[in-house]
Structures are given as structure tokens and as C-alpha cells.
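Structure, as C-alpha cells:
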Amino acid sequence: MGKFNRFGNMSPPEEVMRRSYLMAEEPFQIYGNLYFVGNTWCASHLIDTGDGLILLDAPCLNELAYLINNVYKLGFELSQIKYIVVSHAHHDHYGSVRALVHLTGAKTFLGEIDAQDMEDHPERFAAMHASKPNRSLDECFVPDVRLKDGDVITLGNTKMRCVLTPGHTVGVMSHFWDAYQDGESKKVGIYGGAGFVTLREKQIRENNMPANIREVFLQSIDKVWDEPVDIMLGNHPFHNDTFEKHERAMKETGNPFIDPTEWKRYLQELKDCYHQFLNLTEEQVEKMYEKSDFLTYRDIVTPYLLGEKVI
């Protein structure tokens, strides 16, 4: 897994949560009509369908300004966002959805199982919002469309297939579609929720998750194992080395995001790490998660403290 555990505790430490502006990142084109508009912690992707924009995952409310800025930096208008698709019901992926809908009138999509969970347990979601500094303003939302396994979202030239892959939450959806550039296309895939911090025994009990959710997590990986994917995205940048690839793209010929072998390599890494996790005692799991690897993965604090430009 390299120098950091991409499936472990990757939450920003409190010093970063308080200064969320440190997580602002420059937007960039990944391939053709596909763009990164997210922040250091959470990925948001923009698809230009030719008939409006699809936004895949929205940040916490405190990071909304950086997303809006990124949309404009790419030359788009906020009003062009027609659809907002949320991969799963964790607030770092939906916290600003209601604000964005207020600003754009966009239509919202969320898996029906996660949508029902959000509706049935407002107190648990409120507690999740309050668990981190500067996150208490994040808001639940009622999606316009509750997605079922295999549903296809269509806008302009894009047909996004939604596949139910529960585990990280009870209703995680993974997404697959084609991106276009210069008359050619590449198959894009994103695994909806890879971290297994939510599958600690303590959290399974507290969140009233199904008793077999740990087994379901593995079944979800197998379910999408044979998906043809040329460009693998992550709903967190550390899942697919987003920034490292972009930095390489600025220096090299070719496109580091295009790698048809990455999908299965990544899923195998996820499986291997998950099996290690399952063999840990509860005490070992607690120790594993007590320290965040966020700043090991991308040090955004040291440049700030030195008064240098934050990359």
C-alpha cells in the first residue's frame, strides 16, 4: 500500500478541518469531457455531457466554495450542473447537495437503500455531522431519484450505469460510463465506497448495519470484478492516486489516468487489505484507526506553516 494506508484512517486531522481552505485543489481535465473538481480529502468529478453537467459527489458544506471556484476555473457555469449523483450516504459526499440544488436547481440521485437509511435515522446522521470540527452544517437531503441496482442515468452523450455495491454503507453505488475525447472513448469506473472503517464491530452495532455486512463487502468487490475499466477514479483522491497521476501528466507524454489494468489491481489490493483487517482483534483495529494517515499521503500543512504556496 506504499507509505500510507489508503483504506485506513484518512480523515483530515483537526488542524486541517479547522482550516478547510488548505484542502482546496486546482481543477483539471482527466480525459476529454471528464474533470476533477474536488479537494484534497474528497473527490468530485464533473462530466460535460453536451447537454449539461453531471456532478458526481458533492463535498462537505465547508468545502463548497472551492468546488464552485473549480467549476468556474474550468470555464463552466454553475447553472450548467443539471444532475448531482451521490455515491453513498456519508456527509463528505453529500454535505453540500442541498446548497447546490438551491443554487442550480439540479436533479439529485442517490441509491434507494442509502436514501431510506438517511430518512429513517436522522439522529444518526446528525451525530455523524457533529462528529468532526466544522462539519455540523452539513445537511441530509431527499433525492429526486432513488436509484436501484442497474439503473442508468442518461444526460446528453453520457449513460451512467449504477451498480449496488454495499459494504462501506448499506447502499453504496458504483458507477460506470464512457468518456469522450477527439472522437474516441474510454470506459470509466469508480468503486463507490472502499474504506472499511465503517465495518468495525463497534460501528456495525452502533449503526444497526446488517449482521452479514462484512461478507457483503467482499461480495460487492466480486460483483464488479470483471467490469471493463480504462480509467479508474476514486471517490477519494488517495484511492486512485489522483494528484500523483496529474503531476505525472504535466511532465510526461501520454495520460497516466488511462490504465486498463488498474481496476483489478486496485480491487485485489482492497481485498487483501480487507482480509488483513478481518484478522485483527478489536483492540488492534482501534490502534489502526487512532492516527490519521492524511498528512502522510499529502502534506498540505507544512507549506502553509512555512508561508509557502500550498500545492
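The structure displayed is predicted, hence computed values, not measured ones.
Using modelled atom types, one finds a donor on one side chain and an acceptor on the other under 3.5 Å when comparing D272 with Q268. T40 and E25 form a side-chain donor-acceptor contact under 3.5 Å, judged by distance and modelled atom types alone. For the residue pair D178/S185, the side-chain donor-acceptor check at 3.5 Å is not satisfied. In summary, the side chains of D144 and T108 do present a donor paired with an acceptor at a separation below 3.5 Å, with no hydrogens or angles considered.
With ring centers used as reference points, F36 lies under 6.0 Å from H45. Ring centroid separation for the pair F7 and Y266 comes in under the 6.0 Å cut-off. In summary, the aromatic rings of Y31 and F257 are positioned with their centroids too far apart to meet the 6.0 Å limit. H236 and H239 have their aromatic ring centers within a separation under 6.0 angstrom.
For K264, the NZ atom sits in a packed shell: over 12 heavy atoms of surrounding residues, nucleotides or ligands are nearer than 6.0 Å.
In this structure, the side chain of D293 does not engage the main chain of F4 through any donor-acceptor pair within 3.5 Å. For the pair D138 (side chain) and L61 (backbone), a donor-acceptor distance under 3.5 Å is present.
The existence of a salt bridge linking K223 and D149 is confirmed by a sub-4.0 Å separation between a basic side-chain nitrogen and an acidic carboxylate oxygen. Looking at R265 and D259, a side-chain N of the basic residue comes within less than 4.0 Å of a carboxylate O on the acidic one, giving a salt bridge.
Geometrically, K187 does not engage W263 in a cation-pi contact, judged by NZ or CZ lying under 6.0 Å from the ring centre and within 45° of the ring axis.
Using cut-offs of 30° and 60° on the angle between ring planes, the pair Y94 and F141 is tilted.
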